[in-house]
Amino acid sequence: MIIQKTKEEIELMRESALVVSKTLGMLAKEVKPGVTTLHLDKLAEEFIREQGAIPGFLGLYDFPNTLCMSPNSQVVHGIPNNTPLVEGDIISIDCGAILNGYYGDHAYTFPVGEIAAETQQLLDVTKESLYVGIREFKVGNRVGDVGYAIQQFTEKHGYGVVRELVGHGIGKTMHEDPEMPNYGRRGRGKKFVEGMVVAIEPMTNMGTQKIRHHKDGWTITTLDGKPSAHFEHDVAIVDGKPELLSTFQYIYDALGIESDEENEFRTKIIN
Ligand code: MG
Ligand code: MG
């Protein structure tokens, strides 16, 4: 069942999303060679609690930490550990927080120092596919329209779209209806309605789309060992159109990156 939110509830959800956005912005400066994902996890937990929020992943389905930290060939759900990041790695950081009873959940894949050009391209294409998908999240469209758009864009670049893991509705619980796959067929699946809030989150593999589940019950890696990237935004339908609740701007401000992608996205939606 899709749970529609009022405009007031969507504003509360924006605050939850922004706790996560600010946490990712704080972490952006800390991601560097030599740092461990467990250290970053502790920083994130403290930061979230300082903002009066609660880590959204900690204890959820018995997950042991605040962040899902998935380096290199790990797709998602990686558990923070004491292995230092090294120059040339990529690290997907997925973060959740609860504020005022609502969840925020979004993710960014960071380069660690200098990375290979082909890896940077994987990050760029995956992030762009996120916006390509979000543009289709509007009244009148269906779940398959978002998945189709992401899949077409991603496969055009020769990358693999992970099938087993999907985006989701979000609200007072982390995972609500509907599931939001990153592949699909136009005009298929549940219809989008006013007040829906979803997390759209392409998981894109440089090589094969196939993945492997590890014995710890969490870690998922690409079958061929090639890198995988993951970007996620929380998005609401307001007045029929998609509205970003989360933002990567705190990350860009922290890193001194000039990016107009979110404004550009909004401009395209209005026109
Ligand atoms: Mg997430
Ligand atoms: Mg999610």
Side-chain angles (χ1 to χ4, degrees), residues 2-3 5 13-14 16-28 31 37 40-41 44-45 47-48 53-71 74-80 90-99 102-110 123 126-127 129-131 133-134 137 143 146-147 150 161-184 196-205 211 218-220 228-237 242 244-248 250-251:
I2 290 169
I3 301 169
K5 279 83 179 172
M13 291 200 67
R14 188 193 307 277
S16 308
L18 288 179
V19 170
V20 179
S21 303
K22 288 173 189 170
T23 306
L24 292 175
M26 178 277 294
L27 291 169
V31 171
T37 49
L40 297 173
D41 187 76
E45 179 174 356
F47 188 85
I48 289 168
I54 301 165
F57 295 166
L58 186 64
L60 184 71
Y61 314 118
D62 292 329
F63 188 76
N65 291 88
T66 293
L67 302 173
C68 291
M69 299 290 259
S70 310
Q74 291 189 20
V75 179
V76 285
H77 301 167
I79 298 173
I90 55 171
I91 178 75
S92 160
I93 305 184
D94 195 348
C95 181
I98 310 165
L99 186 68
Y102 288 95
Y103 277 87
D105 167 29
H106 76 115
Y108 193 91
T109 303
F110 294 88
L123 302 190
T126 308
K127 181 149 62 69
S129 79
L130 171 61
Y131 294 103
I134 294 171
F137 180 57
V143 165
V146 169
I150 293 173
V161 174
V162 174
R163 301 298 203 274
E164 293 89 339
L165 299 146
V166 297
H168 49 93
I170 181 166
K172 286 183 176 166
T173 54
M174 172 71 81
H175 297 113
E176 292 184 357
D177 268 352
E179 290 196 337
M180 295 287 296
N182 299 302
Y183 61 95
M196 276 180 86
V197 184
V198 298
I200 298 179
E201 48 179 317
M203 289 153 259
T204 304
N205 297 348
I211 58 170
W218 288 105
T219 311
I220 295 165
S228 183
H230 176 217
F231 290 84
E232 178 177 24
H233 268 314
D234 294 330
V235 196
I237 296 184
L244 298 175
L245 301 184
S246 51
T247 175
F248 296 144
Y250 293 101
I251 296 171

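First listed ligand is number 1; within each ligand, the first listed atom is number 1.
- Residues passing the ring-ring contact (aromatic ring centres under 6.0 Å, His included) test with F137, sequence neighbours excluded: F192.
- Here the shortest heavy-atom pairing between S228 and N205 reads OG-OD1, 2.7 Å.
- Nearest heavy atom pair, residue E179 against residue V143, reads O-CG1, 3.6 Å.
- By the ring-ring contact (aromatic ring centres under 6.0 Å, His included) test, Y103 pairs with no residue at all, sequence neighbours left out.
- Near-neighbour remark for the Mg ion (ligand 1): protein N, O or S atoms under 2.8 Å are D94 OD1, D94 OD2, D105 OD1, E232 OE1; waters not counted.
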Run the side-chain donor-acceptor check on residues 58-70: report pairs under 3.5 Å with partners two or more places apart or on a different chain.
from	atom 1	to	atom 2	distance (Å)
Y61	OH	H175	ND1	2.7
N65	ND2	D41	OD2	3.1
S70	OG	H77	N	3.4
S70	OG	G78	N	3.1

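- Backbone or side-chain N, O or S atoms of H168 reach the Mg ion (ligand 2) at under 2.8 Å.
- The backbone N or O of S246 sits nowhere less than 3.5 Å from a side-chain atom of D234 that would complete a donor-acceptor pair.
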